[in-house]
Structure formats: C-alpha cells, structure tokens
Amino acid sequence: MSVSHFAVLSSCCRPRFAPSLSRASALRSRIRCCTTLTSTSSETPTPTSVKKRVVSGVQPTGSIHLGNYFGAIKNWVALQNVYDTLFFIVDLHAITLPYDTQQLSKATRSTAAIYLACGVDPSKASVFVQSHVRAHVELMWLLSSTTPIGWLNKMIQFKEKSRKAGDEEVGVALLTYPVLMASDILLYQSDFVPVGEDQKQHLELTRDLAERVNNLYGGRKWKKLGGRGGTIFKVPEPLIPPAGARIMSLTDGLSKMSKSAPSDQSRINILDPKDLIANKIKRCKTDSFPGLEFDNSERPECNNLLSIYQLISGKTKEEVVQECQNMNWGAFKPLLTDALIDHLHPIQVSPTKCYLL
C-alpha cells in the first residue's frame, strides 16, 4: 500500500450525515441511506462536532432477542441524547456465511424498524444500512492491504467457526470480517464503540490498525500529499455496557443468548407473542436449590433469570433480592413472564410493527 492511497482515505474518513429513516413510513420502500461523504478539514466546526461520536450496529440475521436489546439497542436510546450517534444495520457482515437473499432483505428492513420501535430517534441519531455506503468496502480494501495476516489468524471467532464448518465451507470473508468491522468504525472517526466480551478482540484489532496506519502514513507523509498532517484515524475507545447487560441462554446459563443457537427455546425474541414468552419461561432451565440469589457460580440460570427481571423491571439489584430471595420457581416464573410481556408490549404495538412482520 502506498502513501498516495491515503489521499483517498482522507476523503472517506470525515463524513457528514443527513439522518436517514427520519420517519417510520420510510420503511414502506427500500431503506436508503442519506449519508454523504465529504472532507471537513477546511470547514468551520459546528456545535454538533463538539460531541463525541459513537458507532454501533446489529446484524440483520435471525430474530432480535433480549440479548441484542439489552446488550445494544436499549443502551443506544440513552447514548443518542449524549453523543453524536450512528446506528446502522450491518448487512455486509451477515453474508460471511450462507444466506437467503430475500430473507436478508426482509430482515434488514425489520431490524431497522425494531431500532425505531425500541426508541432510537432518527432526529438525534443517524440510522442507515451498511451496504448503502460504498466507502465501508472501499476503506476495508485499503485497510486489508496493510493488515498483517498473522493478526487475523489470531481471531478467536474465526478459529471457532472455521473449526466447526471446515475449511472447504468457510469463505475468506469470515477471516477478513474484523477488517470490515475496523472500516465501519474508523470511517466515521469514532470516539467510542459499545462492545461486549465477544467483540473486545475485534476492537483491539481496530485500534491496532488505526495506530499502524497513523504510524505508516500519517504526519509529514500525509502533509506532503496536501493533507492536514497529523493522525489519519482516531483510535477508538471501548464503551462498556452496564453491568448485568449480558443476557444468557434460557437453556444454558453459561452460554450467551444467541441468534445462531439451534433451539428457539433458548431465547426471548423481541416480537415473541405473549403465549410463546410464557411457554419459554415456563420451560426454561432452573435448579433445585431453595430460594433465589444472584452471583452464585453454582446457579448460573438463577443469576441469569434474576438479571433479566432486574433489567426488565428497572429495579435495583438490592430491590430484586428483597423481593425474590424467598420465592420458589413456581412463584417467580409468572412474575418474570408478566414483566417481560409488559415491557415488550409497547415495542410490539409500535407504529412500525407492520414492517416487522
């Protein structure tokens, strides 16, 4: 990769946004990103540029479940009031494994609608589809040219998925997935990125890539090409979600709630009808210990269900302990079921509901 490529990069990495999906009715037709990419190095800073920038997204694969909601989307609603926020549907990441074209298109619209139904406000946050902004892939290719292959070979998720599927069934995109994620972040000069435990390694790669590019091509080398000099990319910091926001499987308290789990019984989906929610909670894995308690390593399912109740009810940990410590599962499960149904009801009856089906 030569220094001259960064004349291209520098024009990609400082975008301005016209928020897309400004109203629910925009989802009646194909979602379009209203993003325009321009260099702002010579422009007068606006008041909004003072805010720190947060970038995040969710894949449009499977159904959005409680883990996605509490781990990401619900936090976005608070973040959009404090930061310059960009929330997008990462559809390019969804094609690293076999997929159905029509289903992916439908899921992309549904995911965008869920963003809005959960409280993401397009007047405060930019909402768009990843593939509608070509600069994501363009920057990924440039970053790939300077990414050591050894860095990618160390990625835990690639090792696990390729081991399960076999070399003949795994595409190169699964290996280069973290470079696209780095492009998603660095393209927008992000200050913070909300991350969970399973994404920390990918963010570290993003930080390493930003520092590598800055060292190789920034400073005087960039200035000689007519750029402003200095660093090319901001090095983003992790934004750790609130404690307890990691939701585990209903069938295994030691495994994360996941879209890819083979059994739908393992998760509560945002759009599950109340009868299905009640059935899943009734059948979820528990234990035979007396009473209910947090933080007992021998009772992961108990800790998970209490954590879900705490998040759904908005109560403190101490309040949940006081209320539930002497309950048995027969008394607690109906309480949790009712709290879940009541919390998810406003989302399910949102004006965007017709686009979620």
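None of the values given here were measured: they were computed from a predicted structure.
Closest of all the heavy-atom pairs between Leu292 and Met327 is CG-O, 3.6 Å. When all heavy atoms of Leu209 and Leu143 are compared, the closest pair comes out as CD2-O, 4.4 Å.
No side-chain donor-acceptor contact under 3.5 Å links Ser190 to the backbone of Leu186. Remark: the backbone N or O of Phe233 is paired with a side-chain donor or acceptor of Asn214 at under 3.5 angstrom. A distance-only check finds no donor-acceptor pair linking the side chain of Lys124 to the backbone of Asn81 [under 3.5 Å]. Looking at Arg53, its side chain does come within 3.5 Å of a backbone N or O of Tyr188 through a donor-acceptor pair. Although no hydrogens or angles enter the test, the distance criterion places no donor-acceptor pair under 3.5 Å between the side chain of Trp76 and the main chain of Tyr115. Under the 3.5 Å distance criterion, the side-chain polar atoms of Lys280 are left unmatched by any main-chain donor or acceptor of Ser266. Formation of a donor-acceptor pair under 3.5 Å by the Asn215 side chain with backbone atoms of Glu211 is found in this model.
Side-chain rings of Tyr83 and Phe192 approach one another, their centers coming within less than 6.0 Å. Aromatic rings from His65 and Phe70 are positioned such that their centres are separated by 6.0 Å or more.
No hydrogens or angles considered: a donor-acceptor pair under 3.5 Å links the side chains of Ser131 and Asp91. A donor-acceptor pair shorter than 3.5 Å cannot be found between the side chains of Asp121 and Gln80.
By the 4.0 Å N-to-carboxylate-O rule, Lys52 lies too far from Asp84 to be salt-bridged with it. Classification of Asp191 and Lys51 as a salt-bridged pair fails, no side-chain N sitting under 4.0 Å from a carboxylate O. Salt bridge status for Asp295 with Lys317: present, with a side-chain N to carboxylate O gap under 4.0 Å.
Open room surrounds NZ on Lys274; 12 or fewer heavy atoms of other groups in view lie less than 6.0 Å from it.
Note: the hydrophobic cluster containing Val235 does not contain Leu139 (ILVMFWY, side chain heavy atoms under 4.5 Å, direct or indirect links).
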Arg267 and Asp272: CA distance, side-chain angles, deciding distance, salt bridge (charged side-chain N to carboxylate O under 4.0 Å, His left out) verdict: CA-CA 10 Å; Arg267 54 189 169 264; Asp272 280 347; over 6 Å; no
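No cation-pi contact links Lys315 to Tyr309, judged by a cut-off of 6.0 Å to the six-membered ring centre and 45° from its axis.
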